[in-house]
Q: 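The structure under discussion is supplied below as structure tokens; questions concerning it will follow.
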Amino acid sequence: MASGAATGVDSGSDSGLEAPLPDDFAGRLVRWQRLHGRHGLPWQGTRDPYRVWLSEIMLQQTQVATVLDYYPRFLARFPDVAALAQAPLDDVLALWAGLGYYSRARNLHGCARRVMADWGGVFPARAADLVTLPGIGVSTAAAIAAFCHGERISILDGNVQRVLARHRGLDEDFSRAAPRRELQRLADALVPHASEMPVYTQALMDLGATRCTPRQAACDVCPVRRDCIALAQGRVHELPRKARATVQKVWAHALLLHAHCDCAGLWHVALVQRPATGVWSGLWTPPLLDEAQQAQRRAHAPPIRAHEAFLHVLTHRRWFLTPWLCATRGGDLPDAVALGLDGDQAAAMRWWTLDQAAGLALPAPVRARWLGWMEELTAA
DNA sequence: AAGTCGGGGAC
DNA sequence: GTCCCAGACTT
């Protein structure tokens, strides 16, 4: 389809996929990128696959401004793939805590070990091989291959979908497989010579992130406005079509903050490590008590100081968390049963000193309130 | 194809 | 409040 359209024969359809390929699309983007693209980000100016890979994983569904806080710290602690592979997973999670999507950290660590074990410590160059590694999907594989090795392969992340959907005037739901394949074919037909792949790939991303934005697109300074179908039709703000919203479920748990002061006057706090799957996987949290477990805990002394619940919103959940504060003193550290825990959480519970706890991988809403809770628990 | 997985930036 | 971000993985 694309080759026939490139001859300049317009089928008469208003579909951007069947229209002629835009002339010099990549060239215009490349020239724009050199002048107006984003430069100087910490993961730019290198073709080191480790650094590019790390940035791509961190940037999955995560904005640049957020990653800027994490990337340098992570790189300083794990300067190369060997250092990352050698580290315990808990050390990786501790540096990832707060970034979200914690399976990324688990897969990152697994990927580093696979690169060491199966690839001699060198990331494979081709996207087809990269995509076999944990945590690297088609989008990330294409980005690494294009940035580091100039592979002629198209990326199709959220930014690029928006740019192409608008420029070709494609009013389809790209969360569906068939329209997505069509868009992929278009993107494939637009890739330039290998020598321009790194800057072209960056250009598409930068245009989507800084000009062709979801709202209030800056079409007046767009390098491809000349033949943008959405702009000509006055439909920029309508594209791409939105997929239907997901339904949020409601959760409610008590968050049991139990601190114990031992005979030496040293404070400890009980935390449980979350399982490898599910929300906050691998992170350490105060025990989470559902309704039955709350009843179980209420049957025990000592008493609880309950705070007002706070709301924590995740993509699919509205989560009401009620902090329960409890301080005890003297003797041995209470066991999990004494705290009212059962089964899995009892097995996953550990006592930590406050200094130790501060260095663990804590979820963002726990980290944000941690010092206040500890201060209240250890006061008087 | 649909559901699961965080947190925050920008509006 | 809203939308969505350099998506991957499981079912």
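First the proteins, then the strands, lettered A, B, ... as listed; each starts at 1. Note that the structure is predicted; figures quoted are calculated from it, not measured.
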Q: Does NZ or CZ of A:Arg73 fall inside the cone over A:Tyr70's six-membered ring, less than 6.0 Å from its centre and within 45° of the axis?
A: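 Ring-cation test returns yes.
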Q: Under a 3.5 Å cut-off on both pairing distances, which runs of 3 or more consecutive Watson-Crick or G-U pairs involve DNA chain C?
A: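 Correct response: B:1-5 with C:7-11, B:7-11 with C:1-5.
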Q: Do we get A:Arg28 above A:Trp32's six-membered ring, with its NZ or CZ under 6.0 Å from the centre and within 45° of the axis?
A: no
Q: For A:Tyr101 and B:dT4, is the shortest distance between a side-chain N/O and OP1 or OP2 below 4.0 Å?
A: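 No, no such contact exists.
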Q: Do the numbers put A:Arg51 on top of the ring of A:Trp43, so that NZ or CZ is under 6.0 Å from the six-membered ring centre and no more than 45° off the axis?
A: no
Q: Between A:Leu170 and A:Pro179, is any pair of side-chain heavy atoms under 4.5 Å apart?
A: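 No, side chains not in contact.
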Q: Pick the C1' atom in B:dG9 and in C:dA8, then give their distance to the nearest Å.
A: 22 Å
Q: Check the interface with nucleotides 8-11 of chain B: list each N/O to N/O pair with the protein under 3.5 Å, or write none.
A:
residue: B:dG9; atom: O4'; partner: A:Gln63; partner atom: OE1; Å: 2.8

Q: Heavy-atom nearest nucleotide on DNA chain C for A:Lys242 versus A:Val138: which residue maps closer to 5'?
A: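 Taking each residue's closest nucleotide, the earlier one in sequence belongs to A:Lys242.
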Q: To the nearest angstrom, how far is A:Leu314 atom CG from B:dT4 atom P?
A: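 Answer to the nearest Å: 12 Å.
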Q: Is it possible for you to check whether A:Arg47 lies under 6.0 Å from the centre of the six-membered ring of A:Phe147, through NZ or CZ, and within 45° of that ring's axis?
A: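 Geometry flag: not set, cation outside 6.0 Å or 45°.
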Q: Please determine whether any donor N or O and acceptor N or O are separated by less than 3.5 Å between the side chain of A:Thr62 and the base of B:dG6.
A: yes
Q: Just how far, in rounded Å, is C1' of B:dG7 from CH2 of A:Trp96?
A: 13 Å
Q: So does A:Lys249 get a side-chain nitrogen or oxygen closer than 4.0 Å to the phosphate oxygens (OP1/OP2) of B:dT4?
A: yes
Q: For A:Met374 and A:Thr378, work out which heavy atoms get closest and say how close.
A: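 Shortest heavy-atom separation between A:Met374 and A:Thr378 comes out as O-OG1, 2.8 Å.
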Q: Toward the 5' end of DNA chain B, which comes first, A:Arg176 or A:Val279, by nearest nucleotide?
A: A:Arg176
Q: Between C:dC9 and B:dG8, how far is it from one C1' atom to the other, in whole Å?
A: 23 Å
Q: Where is the tightest heavy-atom contact between A:Cys326 and A:Ile304, given as atom of each residue plus distance?
A: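 In this case the closest contact between A:Cys326 and A:Ile304 is CB-CD1, 3.7 Å.
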Q: Provide the distance between the two C1' atoms, one in C:dC5 and one in B:dG6, to the nearest whole Å.
A: 12 Å
Q: Give the minimum heavy-atom separation between A:Ser154 and A:Val191, together with the two atoms involved.
A: CB-CG1, 3.9 Å
Q: Inspect the surroundings of CZ in A:Arg305 and state if more than 12 heavy atoms from other residues, nucleotides or ligands are less than 6.0 Å away.
A: yes
Q: When the distance from CG of A:Leu362 to P of B:dG7 is rounded to whole Å, what number comes out?
A: 11 Å
Q: Identify the 5'-most and 3'-most nucleotides of DNA chain C with at least one atom closer than 4.0 Å to a non-hydrogen atom of chain A.
A: C:dC4 to C:dC9
Q: Would you call A:Asp171 and A:Arg235 a salt bridge, taking side-chain N to carboxylate O under 4.0 Å as the test?
A: yes
Q: Grab the CG-P distance between A:Asn107 and B:dT4 for me, whole Å please.
A: 19 Å
Q: For the C1' atoms, the ones on B:dG3 and on C:dA6, what distance do you get once it is rounded to whole angstrom?
A: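 Straight-line distance between the two C1' atoms is 23 Å.
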Q: If you look at every heavy atom in A:Ile57 and A:Gly135, which pair is closest and at what distance?
A: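 Heavy-atom minimum between the residues: CD1-O, 3.5 Å.
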Q: Rounded to whole angstroms, how far apart are CZ on A:Arg104 and C1' on B:dC5?
A: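 The answer, rounded to whole Å, is 10 Å.
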Q: Do the ring planes of A:Trp53 and A:Phe123 sit parallel (below 30°), tilted (30 to 60°) or perpendicular (above 60°)?
A: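 It falls in the tilted class, 30° to 60°.
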